[in-house]
Amino acid sequence: MKVVIIGGVAGGATAAARLRRLDEDAEIVVFERSGYISYANCGLPYYIGGIIGNPAALTLQTPESFFSRFRVDMRVRHEVTAIHPERKSVSVKNLDTGTSFEERYDKLILSPGAKPTQPRLPGAGLETLFTLRTVEDTFRIKDYIDAHHPKSAVLAGGGFIGLELAENLRELGMDVTIVQRPRQLMNPFDPDMAAFLHSEVRANGVKLALGRTVEGFEEKDGGVDVLLKDGAPLHADMVVLAIGVTPDTALAKEAGLELGLKGSIVVNDRMETSVPDIYAVGDAVQVRHAVTGQNVLLSLAGPANKQGRIAADNICGGDSRYRGSQGSSVLKVFGLTAAVTGVNETNAKKAGLDADAVILSPMSHAGYYPGGKLMTMKVVFEKGTYRLLGAQIVGYEGVDKRIDVLAAAIHAGLPATELKDLDLAYAPPYSSAKDPVNMAGFLIENLAKGVVKQFRLEDVEALPRDGSVTLLDVRTEAEYAGGRIEGFCSIPVDELRERLGEIPQGRPVYVVCQSGLRSYIACRILAGHGYDARNFSGGFRYYDAVTNDRRLIEEAAACGMDRR
């Protein structure tokens, strides 16, 4: 059996290694257009910033090491120019010699990945305009920085690459601005959770131009002007386009394979395409979202590796299935860690799910042990069924641990109410006896059993301030004096029982505290005395962060730029 693989990196290289482990006699040939067959895409921004000092560290395998270990014929700088399903062969061009030839296959795996989205804008060919996808792209950016010592950069796009690159360019002392068409960074997060990311990047000197559309580029004063719709141009020494990726599927289209979203390759759960004996994996394929069931594109290394393994299993006679993608991911944003899994609340509702969420601010470990830090968690679930839909966490320590627990719970189909039952490891330096994941389960169970009602951020503005309801802040007087929600009166929780006479009976009571814990206790006290009380999800800390972020975005839109 002869297997040809188009493209290396995560999906293609994984498939090649798995094929060899399953079949010692198979002939395996990999054609990779770039000069590198297996490299750490996610590490590229950190090489630019100098965090990774040795460029060789980015290369996970070389053609020589891969052949030595697996006897796989890895041919870099070879571009496949056409697929011929009718005669089961591919046309290949050697980019170093210019010669072309045809290679036969019994089975073909497509792993072409995705290319940076490059809209057809005026000035898109400028030498100071970069994209970041391959090792070669990385070296080009690094060489430019080393040779020209740019002082400023505009990054068009606020996703994974944009944020990682912003941090690394700031580490080099550059003035950095991120331009993003949506009014938030990191679309996998809900806007309220993205507010914490905005605060962190602003605190580290990155300017934000959110809700702004790039319309072109012009050379000016030795640099480049980024032209914005309905706004003044942004001038910088260099620009990096990081506005997303597009499946690199021209070959598949020309070969007549069925295509889906954004021209991606349609595959079944065995990673088989619409053409017999052709498989496809990685960023170029359309997959099913494991939570919503909808077709999606998710450019992440973990799914690409799994898909490569599944394709290899099936080529070798197995019956492996891809169960869908959850989109689990984690990101370093200066001092913060931000992580997400499943579907966010915004997209859950777009998918027609009756979604709700709880928001909590637990400590990373036991409060009495030094060094604990707050994290903000948002856990999304379906009303009625309490099916766990997704989670987002932003914090400093322990974020990755909790998101992985929640990702596993979603994969296993665990109801959100059963998060409370998970038996999770505890020691004071690492967690609390009631882990943050357990705490989320407690909150959701309380809602399910009617122990407490909650109200959300979007409800606050509409609350009547005419006395028909009671708006109550149960923080300390000092906390209340330092900032409060308009219309909320102050009665500290520890004084509440003695001051119940100040709260009229027969009216709903909306209660807020700093994080949601004291206000929950207050709601139980009030319920015990016949009041209809509701707890504010997230607390004042969350409210203040999100509303302050919205104010800054509005101010920036009004003046054309975020100067924070």
Neighbour count >12 (heavy atoms, 6.0 Å) for atom CD, Glu477: no
Side-chain touch Tyr520/Asn446, heavy atoms, less than 4.5 angstrom: yes
Whether Gln286 side chain and Leu261 backbone form a donor-acceptor pair below 3.5 Å: yes
Heavy-atom side-chain contact between Pro233 and Leu227 under 4.5 Å: yes
Main-chain N/O of Asp544 paired with Asn548 side-chain donor or acceptor, under 3.5 Å: no
Value rounded to 0.5 Å, distance of CG in Leu552 from OG1 in Thr547: 10.0 Å
Side chain to side chain donor-acceptor pair (under 3.5 Å), paired with Gln392, selected from Asn344, Asp192, Asp190, Thr376: Asp190
Check: Asp230 main-chain N/O paired with Glu215 side-chain donor or acceptor under 3.5 Å: no
From CA spacing to verdict: side chain to side chain contact (heavy atoms under 4.5 Å, CB included), Val379, Met439: CA-CA 11 Å; Val379 180; Met439 293 298 300; over 6 Å; no
From Met375 atom CE to Ser361 atom OG, the distance as rounded to the nearest 0.5 Å: 10.0 Å
Selection residues 358-369 - residue pairs positive for salt bridge (charged side-chain N to carboxylate O under 4.0 Å, His left out), sequence neighbours left out: none
Salt bridge (Lys or Arg N to Asp or Glu O under 4.0 Å) involving Glu171 - partner list, sequence neighbours excluded: none
All ring pair (Phe, Tyr, Trp, His ring centres under 6.0 Å) counterparts of Tyr369, not counting sequence neighbours: His365
Beyond-backbone contact of Ile178 with Val206, side-chain heavy atoms, under 4.5 angstrom: yes
Student check: side-chain heavy atoms of Arg484 and Ser490 closer than 4.5 Å: no
Expected output: side-chain Glu164 to main-chain Pro45 donor-acceptor under 3.5 Å: no
Ile265 to Leu259 - nearest heavy-atom pair and separation: CA-CD2, 4.1 Å
Sidechain-backbone polar pair: Arg507 side chain, Gly467 backbone, donor-acceptor under 3.5 Å: yes
From Thr470 atom OG1 to Gln505 atom CD, the distance as rounded to the nearest 0.5 Å: 9.5 Å
Residue pairs, two or more places apart or on separate chains, that pass ring-ring contact (aromatic ring centres under 6.0 Å, His included) and touch residues 415-451: none
CG on Leu197 to CZ on Phe189, rounded to 0.5 Å: 5.5 Å
Over 12 foreign heavy atoms within 6.0 Å of CG, Asp423: no
Intermediate values then yes/no, salt bridge (charged side-chain N to carboxylate O under 4.0 Å, His left out), Glu554 and Arg550: CA-CA 6 Å; Glu554 292 295 338; Arg550 291 177 178 175; over 6 Å; no
Reported CG-to-NZ distance for the pair Asp354 and Lys349, which is rounded to 0.5 angstrom: 8.5 Å
Arg456 vs Asp356 side-chain heavy atoms within contact, under 4.5 Å: yes
Sub-4.5 Å side-chain heavy-atom contact between Val239 and Val214: no
Step-by-step side chain to side chain contact (heavy atoms under 4.5 Å, CB included) determination, Ile48 to Leu132: CA-CA 10 Å; Ile48 293 171; Leu132 182 56; 4.1 Å; yes
CD-CG distance between Glu200 and Leu336, expressed to the nearest 0.5 angstrom: 4.0 Å
Heavy atoms from other residues, nucleotides or ligands near CD of Glu461 exceed 12 (cutoff 6.0 Å): no
Worked check of side chain to side chain contact (heavy atoms under 4.5 Å, CB included) between Ile503 and His529: CA-CA 11 Å; Ile503 304 173; His529 290 83; over 6 Å; no
Phe536 and Tyr543 aromatic ring geometry - parallel, tilted or perpendicular at 30°/60° bounds: perpendicular
Of all pairs that satisfy ring-ring contact (aromatic ring centres under 6.0 Å, His included), the ones with a partner from residues 166-186, not counting sequence neighbours: none
Kindly list each side-chain donor-acceptor pair under 3.5 angstrom involving residues 409-421, sequence neighbours excluded, with atom names and distances?
from: His411; atom 1: NE2; to: Arg323; atom 2: NH1; distance (Å): 3.3
from: Lys420; atom 1: NZ; to: Thr417; atom 2: O; distance (Å): 3.4
from: Lys420; atom 1: NZ; to: Glu445; atom 2: OE2; distance (Å): 3.4

Chi angles and distances behind the side chain to side chain contact (heavy atoms under 4.5 Å, CB included) call for Val380, Val343: CA-CA 8 Å; Val380 184; Val343 64; 5.6 Å; no
By ring pair (Phe, Tyr, Trp, His ring centres under 6.0 Å) - contacts of Tyr47 (at least two apart): Phe139
Whether Asn438 side chain and Leu422 backbone form a donor-acceptor pair below 3.5 Å: yes
Validation row: Leu447, Val358 side chains within 4.5 angstrom (heavy atoms): yes
Non-hydrogen atoms of Thr292 and His289 that approach each other most closely: OG1-CB, 3.3 Å
Of all pairs that satisfy salt bridge (charged side-chain N to carboxylate O under 4.0 Å, His left out), the ones with a partner from residues 399-415, not counting sequence neighbours: Arg402-Asp435
Nearest non-hydrogen partners of Ala355 and Leu389, listed with the distance: CB-CD1, 4.1 Å
Minimum heavy-atom distance between Gln184 and Pro191, given as atom pair plus value: OE1-CG, 3.1 Å
Minimum heavy-atom distance Gly282-Gln307, with the two atoms named: N-OE1, 2.7 Å
Sequence neighbours excluded - side-chain hydrogen bond (donor to acceptor under 3.5 Å, both in side chains) pairs with any residue from residues 329-341: Glu167-Lys332, Gln326-Thr341, Ser328-Thr341
Atom CD of Glu458: over 12 foreign heavy atoms under 6.0 Å: yes
Within residues 386-395 or reaching into it, pairs that qualify as salt bridge (charged side-chain N to carboxylate O under 4.0 Å, His left out) - sequence neighbours excluded: Glu382-Arg387
Qualifying side-chain hydrogen bond (donor to acceptor under 3.5 Å, both in side chains) pairs, either residue in residues 508-518, two or more places apart: Arg475-Gln514, Glu479-Arg518
Shortest non-hydrogen separation from Gly516 to Asn535 and the atoms involved: O-ND2, 3.2 Å
Contact check, side chains of Pro492 and Tyr480, non-hydrogen atoms, under 4.5 Å: no
Any pair counted as salt bridge (charged side-chain N to carboxylate O under 4.0 Å, His left out), so long as it reaches residues 285-310, sequence neighbours left out: none
